Amino acid sequence: MRKGALKKRKRQLEELLLDRREALGELVLGMYVQNSWDDDLLARGSAEVAEVDNELSQLTAEAPAKQAAAAPAPVEPETAEHTGEHEFPETGEHTGEHDYPATGEHTAEQDLATGEYTGEHDLPTGDHLAGGTGSQDERDTPGEPVKPPVKAEAAGAAPPPAATAAPTPSATAPTPSATSAPPATAPGTGAEPPVAASTGPAVPATAKPQEGAAKPQEATDATPDNRLDRTAKDVEERERRARTAAEAARASLAADSQTELTAIIGEVESERKQLDQALATAAASITASEKRATEAEESAKKRIGEAEEASKKKIAEAEARMASEAAANREAATEWVRSQSAEIEADAALAAEIAAGEAGEQGAPPPPPPPGAAAAVDSPEANRKITALQAELAAEKAAKAEALANAEARLKSIEDSAREAEERVAKAEQAAKAETPAHSEAETREAAVDWLRGQIAALRQEIHKGAAAGQEDGS
Amino acid sequence: MGIFGRGGSGGRERRAMRKHLEELDDLRRKNLGELGRMTVEMSREGSFDRRLLSEKAGEVASIDREADLVARGIEEGLSLEELEDLARREDGSSSAAAE
């Protein structure tokens, strides 16, 4: 690579380094303004700057060695061959203005301010304009294409015309349109300072081409070259990408914060929805459990009522049965007592008749005795028998009276027991109502009824025993 | 502020404003480059000192504010005195807002 190319490359890299540093500074500024620091983004931007820095360092280190190696090489013939007009198309596209966008944003001085396109690009044009008239035309009409054939004739002309022709690309710099650009784009928005910054160095930029044109050696070094153009385009492209990346980084930073805010809002809303759903679910479950509890309570009450009714019914049945049995027993006892009384009365009547017969024998005529008894009455044996019978009758009377008294006492005790049993049943019912569940209450009542049945059975046995004893006594 | 001389015609003032705006642009670029260089150095050291970065970025932000003010003066055709008054008002409002 020749010295000029190296210089150009070095300048381009320096320019790229500055731009990237500025872009990184813009990035840091954006983070500062938004108070949102992203170390990764900073590291990436720093890496890009460091990459260019390394490349520049490499180039700086390589340049002296290459220059030393390339020193003896004949430069003059090649310089003569590769003058500016060889690479220039006939259309004149590659004048200073042609790389500028059609939007008019980048006026000539904006790019010249960087110092990139000073020696190489302008001096060849100056060589071609050395013929004389072309340079004046170029100054007067900066936008018109250069005519290479005319300039080719003046390839060997002296440098002074080149010096006058050098500012051609930047000749628009002092025009009112260029200088009035900052106020037109100045309204105080955040994007304005960069624009103003690009237009700022316009004044010094106009001087640079003149300095480059004053050195013929640099003019020869600045001969257009495909590789150099490619490198220049490459560097410009990288520069553009770096700027785009910086802008994208700024935009992404803003978008990130917006996106983060949106995400946070979304999360909050979703969590609120989940909370609402959870609350609704909890409320539904509470309502369902309350409903179930109410149903269970109602069913329990219903069962308790049914059990109470059943137990009441059973108790009523048992009481009715017990009452009927007690009445039957009383009736039977009364009947037995009546029969005993009738027997006693019959015996008493018999005894009275016997006594009347004995009295008749002594005073009044006795009633006619039974056919078998007349002989016995008269005899002493008959008297003894009567006496024995009377004694026996009296004893039987006494025994029956005692038995009757015992039966009455027994009946009374049974009635007392029945009354006590009823009281116990009543107490059991009250206790069951107060404490025990329905089924245990029913069991208690059943037990009381069984006990009553046992009592009744025992009473019947007692009555039967008393009846049997009376019959034995009677016989 | 207080950077401009008093008096003079409107054209002179505008030229002075433009010149000052250019100076501010240069200063801004220089500070941004310095900020980028600091960031690269911090990246090489493996940690970013946000306090230093914030200080430097604050300088750039103040330059931006001043440049905005000057651009506004150019755009609205304000005189230097008006611009200075505007700057004082804005300084007062910003300090009040900061308080």
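All of these numbers come straight from a predicted model, not from anything done at the bench.
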Q.
If you apply the rule side-chain contact (heavy atoms from CB on, under 4.5 Å), what do you find for B:Arg29 with A:Asp19, and how did you get there?
A. CA-CA 9 Å; B:Arg29 292 189 66 175; A:Asp19 284 345; 3.8 Å; yes
Q.
Before you tell me yes or no, could you show the steps for A:Leu42 and B:Leu53 under side-chain contact (heavy atoms from CB on, under 4.5 Å), namely the whole-Å CA-CA distance, both residues' side-chain angles and the distance that decides it to 0.1 Å?
A. CA-CA 11 Å; A:Leu42 287 178; B:Leu53 291 178; 4.3 Å; yes
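Chain A forms more heavy-atom pairs under 4.5 Å with one residue of B:Gly58, B:Gly73, B:Ala61, B:Ser47 than with any other, namely B:Gly58.
The minimum heavy-atom distance linking A:Glu22 with B:Gly33 is given by the pair CG-N, 4.0 Å.
Side-chain contact check for A:Leu24 versus B:Val40: some heavy-atom pair is nearer than 4.5 Å. Between B:Leu32 and A:Arg21 the shortest side-chain heavy-atom distance does not fall below 4.5 Å. Side-chain contact between B:Arg28 and A:Leu29 is present, with at least one heavy-atom pair separated by less than 4.5 Å.
Contact of B:Arg65 with chain A is not made at all, since no heavy-atom distance falls under 4.5 Å. Residue contact with chain B, scored on non-hydrogen atoms closer than 4.5 Å, is absent for A:Leu18. Interface residue A:Asp53: only side-chain heavy atoms are found under 4.5 Å from chain B.
Between the OG1 atom in B:Thr39 and the CG atom in A:Leu27 there is a gap of 8.0 Å [rounded to 0.5 Å]. Between atom CZ of residue B:Phe48 and atom CG of residue A:Asp39 there is a gap of 5.5 Å, rounded to the nearest 0.5 Å.
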